[in-house]
Amino acid sequence: MNWPDIRLSDHYLIRDETRMALLTILEYPDPRLRTKARPVTVFDAALRQRIEDMFETMYAAPGIGLAASQIDWHHQLIVMDLTEDKTGRQVFINPEILTKEGSASGEEGCLSVPGIYDDVPRAERISARWQDADGQWQQQPLDGLLAVCLQHEMDHLDGKLFVDYLSELKRQRIRKKLDKERRSRTA
Ligand code: ZN
């Protein structure tokens, strides 16, 4: 990263701090995470602000993807940034997967299931369409981490979590572990 970039991003951080709102991320097994998200129909300033807040919340966590379901807003909105320097913001609104191909199994984690990682079966390549923050439809073939991440986040919009792919025994252990950590955090 060169100097002008650093100044730009510093400025950006300062500007954002003044209007930043960190949102609370719901944690498994919160039943609100099971809510099925409705489509986004209004593309206005309030939506743009919510997208900003979701990015800040995701970066602060830190994470690479966040679905609106996780912040208890049950509309079909996902933010994602797979870069390390916060330069790859992507917004997926009302996403649909048109085709799926191949299989990819990799370790996944989730901001709603903190500290837990496990293998989840996913399609390797997908073709998806979605609306951007202005309501314009986009369509693109996706693969690699981007394809896996979108499938993970779209599950959230459906009320589904990556732990649902694991055995009940594993889920029990995860619930116990998270419960214990929550208790020690509030103790
Ligand atoms: Zn997740």
Side-chain angles (χ1 to χ4, degrees), residues 21-40 47 50-84 86 88-97 100 103-126 128-133 142-182 185:
L22 287 187
L23 309 163
T24 303
I25 298 175
L26 301 179
E27 288 186 8
Y28 177 71
D30 193 310
R32 288 172 290 180
L33 286 166
R34 299 306 184 180
T35 313
K36 231 172 137 55
R38 293 184 297 274
V40 171
L47 180 70
R50 190 179 297 275
I51 290 169
E52 283 304 310
D53 292 344
M54 281 178 63
F55 270 115
E56 292 312 320
T57 303
M58 180 188 83
Y59 288 137
I64 58 171
L66 185 69
S69 317
Q70 294 175 273
I71 51 122
D72 203 23
W73 192 64
H74 300 286
H75 287 83
Q76 295 171 15
L77 165 62
I78 290 164
V79 300
M80 221 183 270
D81 188 346
L82 306 182
T83 67
E84 278 178 26
K86 306 182 183 181
R89 287 175 171 232
Q90 285 177 286
V91 177
F92 299 88
I93 298 171
N94 303 330
E96 297 165 31
I97 291 178
K100 287 187 179 188
S103 58
S105 178
E107 208 169 59
E108 292 183 23
C110 179
L111 295 177
S112 294
V113 195
I116 308 291
Y117 301 88
D118 215 321
D119 285 343
V120 179
R122 303 285 184 191
E124 193 180 5
R125 290 174 300 278
I126 59 174
R129 67 179 216 129
W130 64 91
Q131 281 168 287
D132 62 23
L142 308 172
D143 60 10
L145 183 58
L146 184 55
V148 168
C149 196
L150 187 62
Q151 291 170 79
H152 174 115
E153 302 306 333
M154 283 182 68
D155 270 355
H156 278 299
L157 303 181
D158 248 350
K160 199 168 175 182
L161 298 168
F162 87 97
V163 295
D164 298 348
Y165 294 92
L166 310 177
S167 67
E168 177 52 32
L169 184 66
K170 272 192 180 175
R171 271 197 302 277
Q172 270 176 28
R173 283 198 200 124
I174 291 167
R175 281 195 296 269
K176 252 184 221 164
K177 184 169 183 276
L178 293 181
D179 203 41
K180 203 175 150 193
E181 279 166 8
R182 269 192 291 268
R185 244 187 282 160

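We count ligands from 1, going down the list as the structure has it; atoms in each ligand are counted the same way. Nothing here was measured: the structure is a model prediction, and the numbers come from that model. Side-chain atoms are counted along with the backbone in the values below, which use heavy atoms only and exclude waters and symmetry mates.
- By the 4.5 Å heavy-atom criterion applied to side chains, P95 and E153 are not counted as neighbours.
- Salt bridge status for E168 with R175: present, with a side-chain N to carboxylate O gap under 4.0 Å.
- Legend: residues meeting salt bridge (Lys or Arg N to Asp or Glu O under 4.0 Å) with D81, ordered by chain and number and at least two apart, are absent.
- Using modelled atom types, no side-chain atom of Q76 and backbone atom of L157 make a donor-acceptor pair closer than 3.5 Å.
- The count of protein N, O or S atoms under 2.8 Å from the Zn ion (ligand 1) stands at 3, with waters excluded from the count.
- In this structure, the side chain of D164 engages the main chain of L161 through a donor-acceptor pair within 3.5 Å.
- Between C110 atom SG and H156 atom NE2 the span is 3.5 Å, to the nearest 0.5 Å.
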